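Single-structure report; data block below.
Because the structure is predicted, anything quoted here is derived from the model rather than measured. A, B, ... follow the sequence lines: proteins, then strands. Residue 1 opens every chain.
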Amino acid sequence: MVARITGIAVVVAVCALVEGLIRAGLINAYVVPLPSQILASIPRIVVEEHVLARFGQTMQEVVAAAALLAVFGISLGALFYKSPLLRRACESWVGAWAAAPIVLVYPLFLVIFGRSATTIVMIGFAAGLPPVILKTLEGLVATRRVLLDVGRSFRLDGRQQFAKILLPAALPTIFVGFRLGLIFAMINIVGVEFLINFGGLGQLINELAERYDLPGTYGAILFVVLTSVLFFAATEWLERRLRPMR
Amino acid sequence: MTSAGTPRPVAGDARRVLVLRVAIVVAVLGLWQVVAVSGILFRDVVPSLTAIGAALGRLLADPAFYRNLGVTAYEIGVAIVIGGATGLAVGIALGANRFLSDAFESFLHYLGPTPKIIFFPVMIMWFGVGGGSKIAMGVVSCFFPVAISAAAGMRQIDRVLILVGRSFRASTSQMVTKIYLHAMREPIVNGLRLGMGVAIVGTLLAETKLSREGLGSMVIQAYTVFDMPKMYALVIVLFVLAVGLNVLLGRLRR
């Protein structure tokens with residue numbers, strides 16, 4: 001607890017120091033705005049720039065990407081599980097895809113899908129897909145043999161075996177992948193919004209920066225950081241809730 | 001990222017896998033070519049394979065490409081050195097000291113998953129519109145995975161090794177160079193690998209947003225003049241370089 005308070009106190013002290021240095025003219029106020037101005041800009045961003053509506057827009061894109069990730073990621077993972085040959089042929093490709101800088105091809109997505117929310121969602125989806133596939137596969141492969149035998153003893157057919165035994169058993173691991181995929185998707189979605197100047201929170205930062213509204217830009221960045229922290233914490237909480245099912 | 005329990009290869013299996021791989025690649029390329037020739041989509045969006053191949057050839061023969069590659073490689077290289085070194089130092093400090101870790105490590109975990117590109121307007125203010133702001137983007141991107149990995153790696157070091165170092169009265173710098181860095185080679189390489197990946201992305205994205213040189217700016221210029229074959233060629237080169245570097249660094253781990 002003492003350590004936590006110290007950490008926060010150091011951050012506050014650094015902000016106070018920066019404020020002092022700017023007021024003393026040692027840091028250029030046109031480069032770094034006063035921390036007090038940044039704080040004061042937050043209500044303005046909320047009211048005038050409709051930050052909550054923008055947050056909603058970004059979240060809509062994240063939810064759309066999440067739905068695609070759940071459907072295609074889990075299906076592909078299950079397909080790899082069903083076909084060991086396909087798995088051996090493609091698993092390392094999915095690994096390489098995870099390492100590939102997907103977001104760099106955003107101009108390509110712009111050409112295909114136009115400057116629209118679809119481009120943003122598709123990039124988020126493409127960036128988040130590999131961990132969902134690989135973790136789904138990992139979860140299914142790790143299903144305990146005894147559970148599969150129980151299913152067989154009840155004469156479950158293939159579909160029932162998958163829905164009643166394999167999927168529930170693999171769910172905690174699948175969620176680990178889904179969470180990773182969602183985080184990748186969100187990072188890319190906000191990033192592309194900024195880059196193509198379209199959509200929710202990312203666009204807001206771009207607009208404020210282009211207007212040279214420095215306190216607003218810093219305030220909006222703070223808001224995005226806060227959003228990612230909350231998003232990160234919420235998925236972590238969900239993951240912990242799922243864990244006892246193991 | 002590989003999943004557990006890779007199926008055991010059976011005799012003749014490798015051949016079937018190879019056949020399937022070749023079949024998939026041929027099918028994808030064939031489908032691409034059919035779409036390109038048929039005109040279902042705008043022809044320029046899906047250029048024919050020969051057009052992409054020709055553009056790739058032209059790109060690799062173009063001195064401007066190597067100049068831009070040099071600019072980007074320099075920016076990424078400097079970013080990895082600065083981001084990696086500071087990340088390592090901060091990670092070791094946090095991993096070695098419980099109090100510092102409790103006080104500050106949560107900030108690393110909070111800032112780690114935020115999209116770093118949003119800091120670009122700030123970096124432009126601080127370091128200008130030239131290479132400085134791109135290097136800064138790479139540094140910010142690279143720092144977090146390296147620091148988080150190094151902090152976690154420090155805590156996994158076998159206590160016996162640390163006690164041996166202390167019993168020899170090793171100084172802090174000797175502890176770092178003789179014990180810590182050796183004992184956490186794997187997490188450090190993993191962190192650097194992740195850091196390099198995000199540094200490449202951070203630097204190149206910054207170049208696409210605002211730059212006159214570098215591969216990122218070449219991509220966005222190709223997009224602006226709608227030279228699709230050149231854009232595909234650049235994307236292929238970038239992917240090969242990024243994945244290749246990643247694999248190379250992965251080998252170091254062993």
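Note: A100(A) leads A233(A), A100(A), A9(A) in heavy-atom pairs under 4.5 Å with chain B. With chain B as the partner, the residue from I196(A), N188(A), T227(A), V10(A) showing the most heavy-atom pairs under 4.5 Å is V10(A). Comparing L18(B), I200(B), I24(B) by heavy-atom pairs within less than 4.5 Å of chain A, the highest count is held by I24(B). Between chain B and the residues L104(A), V190(A), L226(A), the most heavy-atom pairs under 4.5 angstrom are made by L104(A). Of all the listed residues (L204(B), L238(B), V219(B)), the one sharing the greatest number of non-hydrogen pairs under 4.5 Å with chain A is L204(B). Ranked by heavy-atom pairs under 4.5 Å with chain A, the list L20(B), V240(B), V247(B) is led by L20(B). Counting heavy-atom pairs closer than 4.5 Å to chain B, the top residue among I112(A), T6(A), L195(A), L110(A) is L195(A). Across I5(A), V11(A), I221(A), L85(A), the residue that shares the most heavy-atom pairs under 4.5 angstrom with chain B is L85(A). Highest contact tally toward chain B, considering only I205(A), L108(A), N28(A), T217(A), is held by L108(A) [criterion: heavy-atom pairs under 4.5 Å].
Both the backbone and the side chain of V201(B) have a heavy atom closer than 4.5 Å to some heavy atom of chain A. The contact between L111(B) and chain A is made entirely by side chain atoms (from C-beta outward), counting heavy-atom distances below 4.5 Å. For chain B, the nearby part of Y212(A) is the side chain; its heavy atoms alone come within less than 4.5 Å. If you measure heavy-atom distances from F231(A) to chain B, you find no contacts under 4.5 Å at all. Residue S106(B) touches chain A through its side chain alone, counting heavy-atom pairs closer than 4.5 Å. Neither the backbone nor the side chain of I124(B) comes within contact range of chain A, judged by heavy atoms closer than 4.5 Å.
Nearest heavy atoms, D102(B) versus R4(A): O-NE, 3.7 Å. Contact between V17(B) and A89(A) at its shortest, heavy atoms only, is CG1-CA, 3.7 Å. Contact record, G191(A) with P115(B): N-CB, 4.4 Å, taken as the closest heavy-atom pair. The two residues P113(B) and F232(A) come nearest to each other via the heavy atoms CG-CD1, 3.7 Å.
Between V111(A) and Y223(B) the shortest side-chain heavy-atom distance falls below 4.5 Å. In this structure the side chain of N206(A) never reaches within 4.5 angstrom of the side chain of I118(B), judged on heavy atoms.
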### Message
Between T114(B) and V224(A), is the side chain to side chain contact (heavy atoms under 4.5 Å, CB included) condition met? List the steps.
### Response
CA-CA 8 Å; T114(B) 52; V224(A) 171; 5.6 Å; no
### Task
Could you walk me through whether V25(B) and W93(A) pass side chain to side chain contact (heavy atoms under 4.5 Å, CB included), step by step?
CA-CA 11 Å; V25(B) 171; W93(A) 288 356; 3.8 Å; yes
### Message
Between F194(A) and L205(B), does the side chain to side chain contact (heavy atoms under 4.5 Å, CB included) criterion hold? Intermediate values first, please.
### Response
CA-CA 11 Å; F194(A) 169 77; L205(B) 282 185; over 6 Å; no
### Task
Evaluate the criterion side chain to side chain contact (heavy atoms under 4.5 Å, CB included) for residue pair R21(B) and C90(A); output intermediate values, then yes/no.
CA-CA 7 Å; R21(B) 280 185 169 175; C90(A) 301; over 6 Å; no
### Verdict with supporting geometry, R88(A) and D13(B), salt bridge (charged side-chain N to carboxylate O under 4.0 Å, His left out)
CA-CA 9 Å; R88(A) 276 174 44 78; D13(B) 215 27; 3.1 Å; yes
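Applying the 6.0 Å contact sphere to CH2 of W126(B) captures no more than 12 heavy atoms from other residues, nucleotides or ligands. Within a 6.0 Å sphere centred on CZ of R212(B), heavy atoms belonging to other residues, nucleotides or ligands number 12 at most. Within a 6.0 Å sphere centred on CZ of F99(B), other residues, nucleotides and ligands contribute more than 12 heavy atoms. Around atom CZ of R145(A), no more than 12 heavy atoms belonging to other residues, nucleotides or ligands sit under 6.0 Å away.
T208(B) and Y106(A) share a side-chain donor-acceptor pair at under 3.5 Å.
The only option from Q221(B), M228(B), M231(B) that meets the side chain to side chain contact (heavy atoms under 4.5 Å, CB included) definition with P107(A) turns out to be M231(B).
Under the 3.5 Å distance criterion, the side-chain polar atoms of K116(B) are left unmatched by any main-chain donor or acceptor of I187(A).
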